[in-house]
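Residue numbering restarts at 1 for every chain, and letters A, B, ... go by the order of the sequence lines.
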Number of protein chains: 2
Amino acid sequence: MTGKPFPSVWLREPRKATSPGRSREEIVRAALELLDEEGLAGLSMRKLGAKLRAGATSLYWYVANKDELLELVYDEIWGEMTVPDHEEVGWRDAAAALAYSMRQVIVRHPWAAEFVGRLPALGPNALWVANELRKMFKAAGFTGLDTDYAIATLTAYVYGMTIPEIAWNKSTGGHVYDADEMRAAVAKAAAPFPEMLESVDMATYDDPKAVREIAFDFGLVSVLDGLERRLAT
Amino acid sequence: MTGKPFPSVWLREPRKATSPGRSREEIVRAALELLDEEGLAGLSMRKLGAKLRAGATSLYWYVANKDELLELVYDEIWGEMTVPDHEEVGWRDAAAALAYSMRQVIVRHPWAAEFVGRLPALGPNALWVANELRKMFKAAGFTGLDTDYAIATLTAYVYGMTIPEIAWNKSTGGHVYDADEMRAAVAKAAAPFPEMLESVDMATYDDPKAVREIAFDFGLVSVLDGLERRLAT
DNA sequence: ACCTGAACACCGTTCAAGT
DNA sequence: ACCTGAACACCGTTCAAGT
């Protein structure tokens, strides 16, 4: 009963509802900007302080530490999701649209890809999205724990497809590489594995962005098909 | 033709095949130990140097920088995968077993969960696993780019299911919380979302580990069913 | 060929002191 | 109630100097 308290920003009261000068919201907004511009490694309390024309240590009045600030910013991005009305378009299209939106949010905030493995999404916006998914899958016919499993499966797919894609983007540094050059590099790396070479010859490196879209679709259809099959039995 | 070189450890030659005193392998092994014990944030070049009874800066002779070292260690863990023979057990069981093994590897090295979003897995061990998956899916009947898409779908599922699980483990700090306490916390957080409360009443928090195993199975079966359906048409 | 220590430009966070 | 600067214990990395 009186165990350790579960540690998360979301279970503590904010220091104040509002305040005249700086505020939690202002800090979170500035942090989000800095993260989008410079990435997770580019955010420091000192830089953030400077951006707000304040001493780095002033922020500690509004936020317990950097991790807590990141939790707040992380939840912020899930507020950007566009969630379709499943009663209009049907559960399957709604779930697919939500998956696309989720992918978009992560692509728009690449630092989030690194953050998924660090702290769980427990903020109000994340809960809102989870709840919308729940409504969709319940409408689809899932009951009991199966609803949770179905939600986890879909979101897992989106995370797992998007996170390594972001990692790839980072390693190429946003720079678009020449298709032939890329092919040559992959051919060299894949040399010990003859089965892999065939895919190198293919169109993959001419329009990587298009291929990724198709890949995402392929997997999404597969996952939704698979989930639908759970309903039939 | 003469564009920027694609930047990755794997495309450069190591400084030397072997060396008498310290070696790349020794450094990578020590780094892996440190990462497993203290996590990604717990690894510093200084600590690693101390562990090897060397100055922190000595390591820079074997490794260009910390990121490159991490790339090397990251590949190391994919060498721990147990890959079944698909000709013996059939492609579907083989793919499932590989998925379990992948999950195990990440659970065993939680720092990897954070790393997936940072740099792509391009090392020899990662390529080996990818190639094994390729053989399985080709045996299943996939052809052309569909083979790549199927591989991406399965691995995405495993990553996406495992990475947030690790994040959750981190936030609870390895400490196992009382089921009732947990229920109360979730109930509070989920208060604005009536649809979510039902799952709080369920058995989820009594044996979270078991529930996660079942969830993983549920999703894995769904994904494999969905992929199998791509073959039928 | 390999290793070292000093040095530089950074970090997150605490805390006494100010207004 | 809010903000500050100094201070502490850290970082990754460079580089001239040693053996």
Side-chain angles (χ1 to χ4, degrees), chain A residues 7 9 12-32 34-35 37-74 111 114-115 118-119 170-171 173, chain B residues 7 9 12-28 30-31 34-35 37-74 111 114-115 118-119 170-171 173:
Chain A
V9 220
R12 298 196 287 101
E13 303 298 327
R15 189 73 89 139
K16 192 106 166 278
T18 50
S19 65
R22 268 178 276 276
S23 67
R24 229 187 207 204
E25 291 85 55
E26 199 193 353
I27 291 170
V28 169
R29 199 169 14 176
L32 180 53
L34 209 47
L35 283 167
E37 285 163 15
E38 316 210 16
L40 199 51
L43 173 74
S44 77
M45 298 303 268
R46 282 171 159 90
K47 273 196 217 162
L48 184 56
K51 195 182 168 86
L52 291 163
R53 261 175 275 296
T57 58
S58 313
L59 309 173
Y60 285 86
W61 207 86
Y62 297 93
V63 131
N65 50 44
K66 193 184 177 184
D67 263 15
E68 180 169 306
L69 173 60
L70 286 171
E71 272 195 274
L72 292 167
V73 185
Y74 183 44
W111 54 272
E114 268 177 75
F115 201 74
R118 249 165 80 166
L119 286 174
K170 276 176 193 157
S171 86
Chain B
V9 221
R12 298 196 287 100
E13 303 298 327
R15 190 73 88 139
K16 193 102 168 281
T18 51
S19 65
R22 268 178 276 276
S23 67
R24 228 186 207 204
E25 291 85 55
E26 199 193 353
I27 291 170
V28 169
L34 209 46
L35 283 167
E37 285 163 16
E38 315 211 16
L40 198 51
L43 173 73
S44 78
M45 298 303 267
R46 282 172 159 90
K47 273 195 216 163
L48 183 56
K51 195 183 167 88
L52 291 163
R53 261 174 277 295
T57 58
S58 312
L59 309 173
Y60 284 87
W61 206 84
Y62 297 93
V63 131
N65 50 44
K66 193 184 177 185
D67 263 15
E68 180 169 307
L69 173 60
L70 285 172
E71 272 195 274
L72 292 167
V73 186
Y74 182 44
W111 54 271
E114 267 176 75
F115 201 74
R118 248 164 81 167
L119 287 174
K170 277 177 192 155
S171 85

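Going from the P atom of dA9(C) to that of dA9(D) covers 22 Å, rounded to whole Å.
Here L72(A) contributes atom CG and I27(A) contributes atom CD1; the two are 9.5 Å apart, rounded to the nearest 0.5 Å. The CZ atom of R118(B) lies 8.5 Å from the CG atom of L40(A); values are rounded to the nearest 0.5 Å. Distance check, rounded to the nearest 0.5 Å: CD of E37(B) to CH2 of W111(B) gives 13.0 Å. Y62(A) contributes atom OH, which lies 14.5 Å from atom CD of E68(A) (distance to the nearest 0.5 angstrom).
To the nearest angstrom, C1' of dC3(C) lies 12 Å from CD1 of I27(B). If you measure from atom CG of L59(B) to atom C1' of dC3(C), you get 11 Å, rounded to the nearest angstrom. One atom, CG of L40(A), and another, C1' of dG12(C), lie 14 Å apart when rounded to the nearest Å. One interatomic measurement links the two molecules: CD of E68(B) to C1' of dG12(D), which rounds to 14 Å at whole-angstrom precision. Between L70(A) atom CG and dC11(C) atom C1' the separation is 14 Å, expressed in whole Å. Note: CG (L69(B)) to C1' (dT13(D)) measures 14 Å, nearest angstrom. Summarising the geometry, the separation between CD on E38(B) and P on dC10(D) is reported as 12 Å, rounded to the nearest angstrom.
For DNA chain C, runs of at least 3 consecutive pairs of the Watson-Crick or G-U wobble type, with both hydrogen-bonding distances under 3.5 angstrom, map to C:4-8 with D:12-16, C:12-16 with D:4-8.
When each of dC3(D), dT4(C), dC3(C) is scored by its nearest atom to the side-chain atoms of W61(B), the top-ranked nucleotide is dC3(C).
For L119(B) against S171(A), the heavy-atom pair with the smallest separation is CD2-CB, 4.1 Å.
In this model, the phosphate group of dC3(D) is approached by a side-chain N or O of Y62(A) to a distance below 4.0 Å at OP1 or OP2.
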Distance-only criterion, 3.5 Å: show the donor-acceptor pairs between side-chain atoms of residues 46-57 of chain B and protein atoms not counting sequence neighbours.
from, atom 1, to, atom 2, distance (Å)
K47(B), NZ, E38(B), OE1, 3.1
K47(B), NZ, G42(B), O, 3.0
K51(B), NZ, E33(B), OE1, 3.1

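Between F115(A) and L70(A) the shortest side-chain heavy-atom distance falls below 4.5 Å.
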Run the side chain to side chain contact (heavy atoms under 4.5 Å, CB included) test on L35(A) and V73(A) for me, step by step, so that the C-alpha distance in whole Å, both residues' side-chain angles and the decisive distance to 0.1 Å come before the verdict. CA-CA 9 Å; L35(A) 283 167; V73(A) 185; 3.7 Å; yes
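Listed by residue number, L43(A), S44(A), M45(A), R46(A), K47(A) are the residues of residues 41-53 of chain A with a heavy-atom contact under 4.0 Å to DNA chain C.
Residue A54(A) is classed as a sugar-phosphate contact, given heavy-atom separations below 4.0 Å to backbone atoms only.
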Show me the protein contacts with nucleotides 14-19 of chain C, counting only N or O atoms at under 3.5 Å.
none

